[in-house]
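All residue numbers refer to positions in the sequence shown, counting from 1. Because only heavy atoms are used, hydrogens play no part in the values below, and waters and symmetry mates are left out as well, while side chains stay in.
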Amino acid sequence: MDARGSVAVEIDGMMLALLEIPAECTVEYNRWYDLDHMPEHLAKSDVLLGRRYVAPRDLREAPGVVRSDLLGGYPPYLTTYWFGGPLEMTSEQAREGWLALDRTLLKGGRFWRIGRPRHSSRWRVAAAWSRPGCLVRPVAVPYLAHRGVIVALGRAPSAARLGEAVDWWERVHLPDLAAVPGLLGAVRLKWADEIGGGEAGGSETSGDEAGGGEAVDAAPGSDLVLHMLLCEDPPELVMGRIEEAKRYWRAVGRFPAHRGAYEELAFLPYRLIVPLEYDFDITEDGTEEVTARTADVTGDVRGDTAG
């Protein structure tokens, strides 16, 4: 409760959504997202914050990138929605709220339908950290201004040993990362999706929140650890500095984690999208280029939606 008697609402959860969109649709898609889709979802009472990111061609070539099938490889677009308040983000009531809005938008012909959804999942905020000299409280870390993020996804040997993975991050890896110039803070998250079927997030109705990616093993996500690393400097520079620092960490036994306590699954940098500025190139080399094809990326309008 603040000085005025108001109850503070803290961020307690996040949706992670990744999507591929043809490069030739860059301006049209991003204008739709910034001027239609995102404002509608941010207006919901349980959504406290939304961010959008992109991995242009040059960033995808940064040193130290680790791709993961669990996240659909390395999709060019990333969206995060941050939740808080009395409404439980995985509850039927919350899902119905998203579904009702999506149905309205869908009937109005306001959904993007060209592209391919790759992954969607929900996570609970477990802890937050900011570098020395950044004095914000942990609850304020998700709100920090930043130029980009690094999605760091990993797995403990088992759900029973999840604490070992977290302990390695807290005692070894985060202190090491704090010494890397340009890294501002981190949010640690634990898996929250209780959806069956093994998919990372299930089927969604809105384009970027559509379910996709490969199945997460039984008891979905119980052995996973996710960190969102916030970059004060351009993420490609931070990636290079981390990769350089890893040479020393490996030499002294600080990376990878001791006794296999943490297996790195993904380490993916993204730049923050500045609304209405879309001068980035997301074309790819080789056969992985996303072609323009009419595909319903909104998914099925069903009760398991969260988008």
Side-chain angles (χ1 to χ4, degrees), residues 15-43 47 49-62 65 67-69 71-82 102 105-106 108-121 145-151 201 204-213 228 230-231 233-239 266-299 307:
M15 175 188 285
L16 184 75
L18 300 105
L19 184 73
E20 289 182 352
I21 298 294
E24 55 265 39
C25 299
T26 295
V27 173
E28 185 182 3
Y29 166 72
N30 284 285
R31 283 184 63 85
W32 164 80
Y33 209 115
D34 284 336
L35 300 178
D36 192 331
H37 192 62
M38 179 70 87
E40 290 284 7
H41 286 292
L42 292 182
V47 180
L49 177 67
R51 307 268 198 186
R52 296 211 304 124
Y53 306 89
V54 65
R57 185 170 182 168
D58 63 313
L59 184 56
R60 300 164 75 84
E61 298 171 354
V65 168
R67 303 175 184 231
S68 172
D69 287 343
L71 299 182
Y74 190 1
Y77 288 105
L78 163 68
T79 299
T80 60
Y81 288 109
W82 298 82
D102 286 344
L105 300 180
L106 188 61
R110 294 167 57 192
F111 268 104
W112 186 266
R113 293 179 177 271
I114 301 174
R116 181 163 54 138
R118 299 308 305 269
H119 174 92
S120 176
S121 53
H146 54 279
R147 295 178 184 268
V149 296
I150 300 171
V151 180
E204 310 295 346
T205 61
S206 32
D208 55 337
E209 292 88 25
M228 300 295 288
L230 308 184
C231 300
D233 290 348
E236 62 272 23
L237 298 182
V238 178
M239 288 289 291
F267 204 68
L268 304 176
Y270 285 89
R271 287 186 196 135
L272 186 70
I273 293 178
V274 178
L276 306 181
E277 296 184 14
Y278 313 126
D279 56 343
F280 43 76
D281 178 11
I282 63 167
T283 58
E284 295 197 37
D285 295 324
T287 60
E288 292 188 15
E289 183 173 355
V290 182
T291 57
R293 57 186 176 88
T294 301
D296 186 355
V297 297
T298 64

Partners meeting side chain to side chain donor-acceptor pair (under 3.5 Å) with [X] (sequence neighbours left out):
{"X": "Y74", "value": "none"}
{"X": "T26", "value": "none"}
{"X": "R147", "value": "none"}

Applying side-chain contact (heavy atoms from CB on, under 4.5 Å) to L237 and not counting sequence neighbours gives P234, R241

Hits for side-chain contact (heavy atoms from CB on, under 4.5 Å) against E40, two or more places apart or cross-chain, chain-then-number order -> D36, L101, L105, R110

Determine whether L59 and P235 make a side-chain contact, defined as any pair of heavy atoms from C-beta on separated by less than 4.5 Å. yes

### Task
Report yes if the side chains of Y270 and P75 come closer than 4.5 Å at any heavy-atom pair, otherwise no.
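Touching, per the 4.5 Å side-chain cut-off.
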
Can you give me the closest heavy-atom contact between [X] and [Y], atom names plus distance?
{"X": "L71", "Y": "A266", "answer": "CD1-CB, 3.8 Å"}
{"X": "A55", "Y": "I282", "answer": "O-CG2, 4.4 Å"}
{"X": "I114", "Y": "P22", "answer": "CG2-CG, 3.8 Å"}
{"X": "P275", "Y": "D34", "answer": "CA-OD2, 3.4 Å"}
{"X": "E20", "Y": "P76", "answer": "CG-CD, 3.5 Å"}
{"X": "V65", "Y": "L268", "answer": "CG1-CD2, 4.0 Å"}

Could you give the distance from [atom1] ([X]) to [atom2] ([Y]), rounded to the nearest 0.5 Å?
{"X": "R51", "Y": "L42", "atom1": "CZ", "atom2": "CG", "answer": "10.5 Å"}
{"X": "R57", "Y": "T283", "atom1": "CZ", "atom2": "OG1", "answer": "4.5 Å"}
{"X": "E61", "Y": "E236", "atom1": "CD", "atom2": "CD", "answer": "11.5 Å"}
{"X": "L78", "Y": "L16", "atom1": "CG", "atom2": "CG", "answer": "5.5 Å"}
{"X": "D58", "Y": "D281", "atom1": "CG", "atom2": "CG", "answer": "8.0 Å"}
{"X": "H119", "Y": "L19", "atom1": "NE2", "atom2": "CG", "answer": "12.5 Å"}

Would H37 and F111 count as a side-chain contact (heavy atoms from CB on, under 4.5 Å) here? Give the steps. CA-CA 8 Å; H37 192 62; F111 268 104; 4.2 Å; yes

Would you call the rings of W112 and Y29 parallel, tilted or perpendicular if under 30° counts as parallel and over 60° as perpendicular?
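Ring orientation, 0 to 90° scale: perpendicular.
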
*asked:* I'd like to know if the side chain of Y278 reaches the main chain of L276, judged simply by a donor and an acceptor atom lying under 3.5 Å from each other, with no hydrogens or angles considered.
replied: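 Yes.
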
Sorted by chain and number, sequence neighbours left out, ring-ring contact (aromatic ring centres under 6.0 Å, His included) with Y53 holds for H146

Practice problem: Please confirm whether Y33 and Y77 have ring centers closer than 6.0 angstrom. | Solution: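 Between Y33 and Y77, the centre distance exceeds or equals 6.0 Å.
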
